[in-house]
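Remarks on the structure that follows.
This chain uses plain numbering: 1 for the first residue, then up along the sequence.
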Amino acid sequence: PSFYHNPQILLLSHPKSSEMNLLYNLYSSLVIFSTITAVQAEDWSFMVLADFHGSNQYTNYPLQDGQTDEKVETIRSIGQTYGGELALLPGDSNSYGGKPTQEFVDKFGGTPEEAVYQGAYNCYTSVRKMFGMAGYKTLLAAVGDHEIGGNKGFVKVTEKNSKLNTIPALRKAFEDGYNRNQMGEYIVDERIYFGNASWPSRPVGTDYEGTSFAYIHKNVLFVTVDAFMQVTDDYENYIDKETGRGGEGTITCTVKDSHLSWFRNIISEGNRSEDVNHIIVQAHLPIIQPVRKVSCSGQFFDDARESEFWKIMNDNDVDIYFAGEVHSNTASLSRDGSNLVQIVSRSRAFNNFLKVEVSDESLEVISYNEIGEKPKWNGKYEEQGRLIVNKVSKTVTGTGVLELINPEAPLIHFDFNSSSALGSRQVPGLTSDDSLIATEVNIRDSNCKEAIENKGEFGVQYDAQVTKIYTIADARKEGSNAGLFTESSRMAIFGVGPYSGGQPVSFSIWFKTVVTDKDMILMHYGDTYGNFLSAWNYKKNHFTLVLENGVPALYTQIGTKAKSSLKQKLNDDEWHKIDVSMPTHSCRLSQVDLYVDGHVQPKIVEGSNSHLFALTSGNLSLGGFGYSSRNHEEAYPNLSPFSGMIDDFKLYNRPLNPNGDLFTVVQSKGCDKSNPEGFNIKKVPGNCSRKCLKRKACFGYEKKRTEPKHCILFREKVGLGEAEDGVSCSLKILA
């Protein structure tokens with residue numbers, strides 16, 4: 001059956017004669033008018049379920065009419081409870097990433113291409129049937145990396161039956177299973193009509209003519225895009241560290257050439273059409289960063305907001321871009337002058353989903369989260385976030401997990417003032433064998449039952465799971481705690497990232513230690529899945545901040561690091577602050593700014609000084625290797641867990657601003673004769689007061705040294721502000 005409900009399209013698709021055409025057109029215009037009138041009076045809804053991943057079983061054993069299982073019952077319950085006239089699947093409806101080609105051949109025989117096609121076709125037709133059983137007769141599915149072999153399947157040919165050779169068969173199975181009916185006809189008409197204008201509904205003549213398509217339902221234009229493009233041949237992986245593109249084998253995510261031209265034509269015509277109130281686009285990968293990520297490969301769309309694909313949407317009033325891949329929820333508003341919203345979401349094992357309520361004036365997106373006693377298939381949900389696109393007021397507002405993130409604010413912030421029992425705040429995706437919410441986890445052979453709250457933009461998804469970290473009151477500043485670490489301490493984040501390819505990531509950390517003769521880990525971001533030492537991942541970068549016997553060094557690859565060339569050691573039982581800032585996208589290691597107590601450090605780079613391209617599937621931790629793969633001990637046998645105190649860790653998805661992120665400007669009291677001992681600047685541990693001078697009073701933040709007793713200027717007077725006696729002036733103190 002046709003997806004289109006516009007009678008003009010159906011009638012014009014089958015003209016009988018010129019006379020009949022005239023009658024068809026007259027009749028169509030009457031029907032269209034009445035249809036528009038009805039649509040304006042009736043609101044409706046649709047569902048979004050990204051990264052379901054749960055259909056591999058249907059590869060060998062297709063779903064039969066009347067058959068039921070936990071998946072079928074769960075989606076049927078969702079359909080009955082929450083409704084929706086259609087469903088969007090933004091990719092990864094199965095998990096073919098780790099499924100070898102030989103398994104298909106063993107089951108179905110024939111050539112690898114024939115066997116893969118048959119198994120994948122079974123899978124995709126079964127998913128379509130499953131959603132049909134739930135009442136979703138219209139299913140709009142986007143290609144994800146797993147549908148075409150994903151992850152390991154994108155890496156260059158290393159054996160005769162490499163999965164790369166079967167990508168055309170997998171894509172063909174997707175086309176036939178999702179986008180053709182039982183008679184082999186496309187379920188979308190050949191052309192899509194916007195009033196008197198029409199365009200091909202598919203990018204005919206491209207590799208994507210069966211997997212990218214446009215569709216109009218009532219007052220919404222839906223455009224589904226297959227954005228996976230093979231860039232290199234089967235014997236060469238594609239990674240461009242200078243531009244930050246690629247990084248996933250021979251396949252990258254982008255839309256170009258005739259495919260892009262088709263997309264531009266559809267979107268621009270939809271924007272001009274009076275019959276289209278809203279435009280929705282879906283593809284698998286996030287475009288703009290940062291986004292929350294959980295247990296994923298972290299692939300991304302090349303060029304992000306600088307891509308032509310994003311610019312077309314931004315310039316043509318697209319309302320929402322739906323994506324998946326990252327198994328978490330993030331809502332991001334365009335930073336390029338429009339109200340375009342990117343929403344990435346999760347639906348693994350139907351543990352989350354989105355419902356979108358549509359009216360002529362608005363789109364209201366509601367996020368639902370699974371609740372219940374079992375680790376999955378509970379079939380019960382509660383609202384966890386809501387986002388409203390209001391076309392009248394031209395505003396976008398969000399709450400809960402769909403609150404719009406502020407990309408300028410810290411994504412992760414640990415001040416060590418808020419801790420709780422693990423599980424008291426649900427970390428989505430962190431489950432146990434018998435519960436939907438984990439109450440304990442294992443981090444490097446240590447059982448962790450506590451959590452430290454993340455007060456940054458990424459919220460609870462990036463809470464840290466911890467053990468044996470002791471809070472010390474008033475350690476660095478009055479009224480605030482610091483964390484005391486020993487070699488037995490563990491502090492790690494279950495969420496993946498936020499590092500991603502060439503994206504600029506910066507962080508700051510306060511610490512205090514007296515440990516000598518050790519190379520200790522302060523902060524670590526490293527690969528999760530155990531292939532850190534593979535030749536392919538050697539091209540990518542981890543980020544590990546180390547104190548080499550008190551001297552800061554940033555490790556980015558085996559044999560590669562940037563180390564402060566100053567002789568100052570920071571294991572002197574004083575509080576110190578280190579800031580690490582990537583000044584630009586895909587900068588070189590030598591360009592990374594390293595600050596100690598606000599002073600930029602000259603560096604010595606050892607090893608490669610190539611452009612930085614971060615691992616996309618890594619985990620972050622403080623004081624040790626955390627959740628990252630065990631191979632890190634093998635790669636760095638010299639590194640030890642941190643012993644000492646840590647406070648106020650912040651991580652940003654941007655370069656640091658020296659005036660705003662490194663320092664805080666405060667007002668101090670000027671000197672006068674009634675205060676002959678001088679002024680006291682804002683209380684900072686270790687500060688000094690200064691006697692009034694005859695001319696200039698404000699010298700800035702000073703630190704107290706005990707052996708021998710004296711005061712030293714934190715920085716030179718330049719830029720810190722000076723004033724005549726009795727006049728207030730601004731002082732900069734470390735943020």
Look at the rings of F300 and F613 and say which category their plane angle falls in: under 30° parallel, 30 to 60° tilted, over 60° perpendicular. tilted
Check step by step if side chain to side chain contact (heavy atoms under 4.5 Å, CB included) holds for V396 and L387. CA-CA 7 Å; V396 180; L387 182 140; 4.1 Å; yes
Of all the heavy-atom pairs spanning P428 and F494, show the shortest one and how long it is. O-CE2, 4.0 Å
Any carboxylate oxygen within less than 4.0 angstrom of a Lys/Arg side-chain nitrogen, looking at K256 and D302? no
Between H278 and D360, do the side chains contain a donor N or O and an acceptor N or O under 3.5 Å apart? no
Evaluate the criterion side chain to side chain contact (heavy atoms under 4.5 Å, CB included) for residue pair H585 and Q503; output intermediate values, then yes/no. CA-CA 5 Å; H585 189 285; Q503 286 290 315; 3.9 Å; yes
Are the side chains of I75 and M130 in contact, using a 4.5 Å heavy-atom criterion? yes
Applying side-chain hydrogen bond (donor to acceptor under 3.5 Å, both in side chains), run through S212 and H259 and close with a yes or a no. CA-CA 9 Å; S212 290; H259 193 196; 2.9 Å; yes
Kindly indicate whether the side chain of I288, heavy atoms from C-beta on, has any atom under 4.5 Å from the side chain of F301. no
What pair of heavy atoms forms the shortest contact from V220 to V358, and how long is it? CG2-CG1, 3.9 Å
Measure from the side-chain N and O atoms of K455 to the backbone N and O of D415, and report whether any donor-acceptor pair falls under 3.5 Å. no
Please check if any side-chain donor atom of T59 sits under 3.5 Å from a side-chain acceptor atom of Y96, or the reverse. yes
Using modelled atom types only, decide if a donor and an acceptor are shared between the side chain of R386 and the backbone of I366 within a distance under 3.5 Å. no
What are the two closest non-hydrogen atoms of I371 and Y381, and how far apart are they? CG1-N, 4.0 Å
Donor + acceptor pair across side chains of S95, H53 (<3.5 Å): yes
For residues F543 and F507, establish whether the separation of their ring centroids is below 6.0 Å. no
Return the orientation label for the Y136 and F131 ring planes: parallel under 30°, perpendicular over 60°, tilted otherwise. tilted
Least distance between heavy atoms, Q299 atom then P286 atom: O-CD, 4.0 Å
Using the salt bridge (charged side-chain N to carboxylate O under 4.0 Å, His left out) rule, take D527 and K540 through it: C-alpha gap first, then chi angles, then the decisive distance, then the call. CA-CA 10 Å; D527 187 68; K540 301 180 184 179; over 6 Å; no
Determine whether the side chains of T224 and Q282 contain a donor N or O and an acceptor N or O closer than 3.5 Å. yes
Hey, are the side chains of V225 and Y208 touching, using non-hydrogen atoms and a 4.5 Å cut-off? no
Is there a side-chain contact between P498 and I412 (heavy atoms, below 4.5 Å)? yes
So do I78 and F350 actually touch side chain to side chain, heavy atoms under 4.5 Å? yes
Test item: side-chain donor near acceptor, T252 and T254, under 3.5 Å: no
Just by modelled atom types, is the G97 backbone N or O under 3.5 Å from a matching donor or acceptor in the D145 side chain? no
Is the closest side-chain donor-acceptor distance between D303 and W310 under 3.5 Å? no
Are V326 and D51 packed together at the side-chain level, in the sense that at least one heavy-atom pair is separated by less than 4.5 angstrom? no
Is the shortest side-chain N to carboxylate O distance from D661 to K650 below 4.0 Å? no
CG (L333) and CG (N339) are apart, to the nearest 0.5 Å, by 6.0 Å
Is a side-chain donor or acceptor of D463 paired with a backbone partner of N454 at a separation under 3.5 angstrom? yes
Restricting to non-hydrogen atoms, name the atom on I287 and the atom on M313 that form the minimum distance, rounded to 0.1 Å. CD1-CE, 3.7 Å
Sub-3.5 Å donor-acceptor pair from the side chain of R490 to the main-chain atoms of T467, do we have one? no
Do E457 and N653 get their side chains close enough for a donor-acceptor pair, meaning under 3.5 Å? no
Evaluate the side-chain hydrogen bond (donor to acceptor under 3.5 Å, both in side chains) criterion for residues N390 and T395: first the C-alpha distance (whole Å), next the side-chain angles of each, then the deciding distance (0.1 Å), finally the verdict. CA-CA 5 Å; N390 189 313; T395 59; 4.9 Å; no
Audit row: I280, L363, side chain to side chain contact (heavy atoms under 4.5 Å, CB included) steps and yes/no: CA-CA 10 Å; I280 303 293; L363 296 168; 3.9 Å; yes
From the list R346, R292, Q461, side-chain hydrogen bond (donor to acceptor under 3.5 Å, both in side chains) with S328 holds only for Q461
Checking side-chain polar atoms at under 3.5 Å, does H524 have a donor or acceptor matched by the opposite partner on S628? yes
Would you find a donor on one side and an acceptor on the other, under 3.5 Å apart, between the side chain of S126 and the backbone of L63? yes
With a cut-off of 6.0 Å (strictly less than), are more than 12 heavy atoms of other residues, nucleotides or ligands near NZ of K129? yes
Going by atom types alone, do S359 and D43 pair a side-chain donor with an acceptor below 3.5 Å? no
Assess the side chains of N94 and N56: does a donor N or O sit below 3.5 Å from an acceptor N or O? no
Can any side-chain N or O of K374 pair as donor or acceptor with the backbone N or O of W377 at less than 3.5 Å? yes
Please state whether the rings of F228 and F154 are parallel, tilted or perpendicular, taking 30° and 60° as the class boundaries. tilted
Test K71 against Y58 for side chain to side chain contact (heavy atoms under 4.5 Å, CB included), laying out the working first. CA-CA 11 Å; K71 302 176 183 64; Y58 304 130; 3.9 Å; yes
Pairwise side-chain contact, V427 with R425, heavy-atom cut-off 4.5 Å (strictly under): no
Is the closest side-chain heavy-atom distance between I267 and V281 below 4.5 Å? yes
Salt bridge K311-D336, side-chain N to carboxylate O under 4.0 Å: no
Which atom names give the shortest non-hydrogen contact between H542 and G526, and what distance separates them? CB-CA, 4.1 Å
Could you tell me if E370 and N378 have a donor-acceptor pair between their side chains, going purely by distance under 3.5 Å? yes
Could you verify whether a donor N or O on one side chain and an acceptor N or O on the other, from S297 and E325, lie under 3.5 Å apart? yes
Can you check whether E382's main-chain N or O pairs, donor with acceptor, with N369's side chain at less than 3.5 Å? no
Do any N or O atoms from the side chain of S55 and from the backbone of S93 form a donor-acceptor pair under 3.5 angstrom? yes
Hey, is the main chain of N442 close enough, under 3.5 Å, to the side chain of Y627 for a donor-acceptor pair? no
